[in-house]
S.K.: 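Attaching a single structure in structure tokens format; questions to follow.
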Amino acid sequence: MPPLPVDLLRWYDRHRRTLPWRALPGRTADPYHVWLSEIMLQQTTVAAVIPYFHRFLDRFPTVADLARARQDDVMAAWAGLGYYARARNLHACAQAVDRAGGFPRDMAGLLALPGVGPYTAAAIAAIAFGHPVVPVDGNVERVTTRLFALTDPLPAARKAVALRAATLGEGAEARARPSDFAQALFDLGAGICTPKSPACALCPWLGACTGARLGIAATLPAKAPKGAKPVRHGAHFHLVDAAGNVLLRRRPDKGLLGGMLELPGTIWRAQAWTMADAVSHAPLASAPWTSMGRVTHVFTHFTLHVDVYAARIDRFPNVIAMGGGLVYGERELDGLALPSLMRKCLDIARRAGPAET
DNA sequence: TACTCGTGGAC
DNA sequence: TGTCCAAGAGT
């Protein structure tokens with residue numbers, strides 16, 4: 001007995017989540033809301049996204065408003081959510097959509113948008129435009145590998161899993177409700193077919209699930225082992241003048257934390273920095289630098305230890321401003337495009353006393 | 001194909 | 001405490 005769309009949709013009609021970007025039952029969601037939420041939800045939890053989604057709609061009510069915004073304001077609104085290339089692509093995409101007079105309604109047009117890949121194009125097509133496609137995200141991969149007991153490890157088996165997932169939406173009932181069917185798969189993965197301890201007893205597809213019948217559902221999807229996470233070291237400097245202004249700088253648009261602001265600092269390298277070595281790279285090596293402690297921050301592919309140094313001077317010499325330095329007042333910091341790592345550095349620089357060593 | 005690219009919460 | 005992970009995309 002294959003998994004029947006009608007069984008999932010019946011379950012969804014009773015148990016669907018209410019989420020800010022979702023339309024009421026029977027209604028079609030705003031493509032702007034669908035697109036914005038899908039970009040935010042890439043590799044990001046629903047709980048983390050909700051306050052950002054509200055803030056964005058408040059600040060940028062329409063895609064035209066977002067298109068016309070300054071990139072700095074978009075980055076600042078995104079600050080803390082991570083994967084900052086998403087914010088840069090979001091802004092570029094809004095401008096493309098605004099120029100075109102609206103979102104493309106077909107897969108090819110959606111795929112051509114910056115920041116929109118195979119998953120997001122399918123999600124928008126299904127949810128906003130009612131196209132009968134199955135967006136394959138982590139939820140759908142998990143549900144699919146369990147339903148059909150696909151034991152080949154990800155990511156190598158990703159293609160085969162996607163082909164199987166597409167068959168889930170082939171029935172007439174799914175093709176009649178593509179938006180609900182896609183979101184039903186998400187809700188099933190998020191609430192029932194969870195990564196650990198799935199609630200199989202409550203699953204509308206239990207009778208069709210080969211993984212459950214074999215007792216291996218909770219072990220799927222299999223994943224290739226990941227390599228060890230290297231450690232890097234850096235130092236960043238909190239330089240404040242008598243008026244309480246702080247020296248910052250902008251990171252280049254590409255690469256890690258691209259386009260975001262930071263305290264001036266050293267490169268991040270495998271070898272730890274001594275204080276003397278680090279301070280020789282400070283924006284003003286002659287300032288009375290004091291060690292304020294260490295921040296540890298875990299990125300996706302490495303762990304970073306940052307030694308934070310602080311110094312207070314009378315006023316910034318002009319040479320600092322000439323090096324691309326940006327000066328902000330203490331009370332401006334909250335609204336800036338500062339990533340979480342730099343919030344941590346600022347916190348200990350301003351709060352802690354000199355580190356005891 | 002295999003990396004790069006953030007963050008915070010759950011266990 | 002360390003590990004995993006969340007509606008992936010770009011290169």
Side-chain angles (χ1 to χ4, degrees), chain A residues 17 19-22 29 33-53 75 78-90 92-93 110-128 133-143 154-159 162 165 179 181-191 193-197 218 221 223-232 251-260 262 268 295-304 337-344:
Chain A
R17 290 175 290 175
L19 297 169
W21 44 87
R22 278 190 178 172
H33 297 181
V34 174
W35 164 72
L36 178 61
S37 67
E38 289 301 339
I39 301 299
M40 288 184 166
L41 286 161
Q42 290 169 4
Q43 298 294 289
T44 308
T45 58
V46 165
V49 164
I50 286 175
Y52 282 87
F53 181 79
M75 301 309 288
W78 197 275
L81 201 52
Y83 286 136
Y84 297 100
R86 293 185 296 174
R88 299 193 300 275
N89 288 330
L90 186 84
C93 184
L110 290 166
L111 267 174
L113 296 172
V116 177
Y119 161 76
T120 304
I124 297 171
I127 297 170
V133 291
V134 177
V136 183
D137 71 330
N139 286 307
V140 178
E141 285 182 341
R142 189 167 58 253
V143 169
L154 301 179
R158 191 147 280 159
K159 190 88 172 185
S179 171
F181 189 72
Q183 295 178 88
L185 285 170
F186 301 158
D187 284 11
L188 187 72
C193 197
T194 50
K196 298 167 190 171
S197 313
K223 295 190 176 177
K226 32 190 101 173
K229 193 167 288 193
V231 174
R232 296 186 194 173
R251 293 175 63 87
D253 245 352
K254 296 193 173 187
L256 190 64
L257 306 178
M260 301 296 282
E262 68 176 0
W268 300 341
V295 164
T296 296
H297 192 77
V298 181
F299 291 102
T300 304
H301 51 295
F302 66 93
T303 296
L304 178 67
L338 288 162
S340 293
L341 164 64
M342 289 300 148
R343 301 265 176 209
K344 290 185 192 174

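Lettering follows sequence order; numbering is per chain, from 1.
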S.K.: Need to verify one output field. Residue with the more 5' nearest nucleotide on DNA chain B, A:Pro339 or A:Pro155?
M.R.: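 Its nearest nucleotide being more 5', the pick is A:Pro155.
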S.K.: With distance as the sole criterion, is a donor-acceptor pair present between the side chains of A:Arg86 and A:Thr44 under 3.5 Å?
M.R.: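 Per modelled atom types, A:Arg86 and A:Thr44 side chains form a pair under 3.5 Å.
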S.K.: Using the P atom as the point on both nucleotides, what is the distance between C:dA7 and B:dC5, in whole Å?
M.R.: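 Approximately 23 Å lies between the P atom of B:dC5 and that of C:dA7.
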S.K.: Is the distance between the ring centroids of A:Phe299 and A:His301 under 6.0 Å?
M.R.: no
S.K.: A:Phe53 and A:Trp21: aromatic ring centres closer than 6.0 Å?
M.R.: yes
S.K.: Going 5' to 3' along DNA chain B, which are the first and last nucleotides with any atom under 4.0 Å from a heavy atom of chain A?
M.R.: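 For DNA chain B, the relevant span reads B:dT4 to B:dG8.
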S.K.: For the pair A:Arg142 and A:Asp137, evaluate salt bridge (Lys or Arg N to Asp or Glu O under 4.0 Å) and give the outcome as yes or no after the intermediate values.
M.R.: CA-CA 9 Å; A:Arg142 189 167 58 253; A:Asp137 71 330; over 6 Å; no
S.K.: Do nucleotides 3-11 of chain C as a string where each nucleotide becomes B, S or -: B if the base has a protein heavy atom under 4.0 Å, S if just the sugar-phosphate does, - if no protein is that close.
M.R.: --SBBBSS-
S.K.: Looking at every heavy atom in both A:Gly115 and A:Ile39, which two are closest together, and how far apart are they?
M.R.: O-CD1, 3.5 Å
S.K.: Minimum heavy-atom separation for A:Glu141 and A:Val136, please, with both atom names.
M.R.: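 Here A:Glu141 and A:Val136 meet closest at CG-CG1, 3.7 Å.
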S.K.: Give the minimum heavy-atom separation between A:Leu110 and A:Ala121, together with the two atoms involved.
M.R.: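 Closest heavy-atom pair between A:Leu110 and A:Ala121: CD1-O, 3.5 Å.
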S.K.: Across the strands shown, which category fits A:Gly80 at heavy-atom distances under 4.0 angstrom: base, sugar-phosphate, nothing?
M.R.: sugar-phosphate
S.K.: Looking only at non-hydrogen atoms, find the nearest pair between A:Val49 and A:Met40 and report the distance.
M.R.: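 For A:Val49 versus A:Met40, the nearest heavy atoms are CG2-O, 3.4 Å.
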S.K.: Would you classify A:Ile39 as touching base, sugar-phosphate or nothing, given that sugar-phosphate means primed atoms plus P, OP1 and OP2, and contacts are heavy atoms under 4.0 Å?
M.R.: nothing
S.K.: Can you tell me, in whole Å, how much space there is between the P of B:dG8 and that of C:dG10?
M.R.: 24 Å
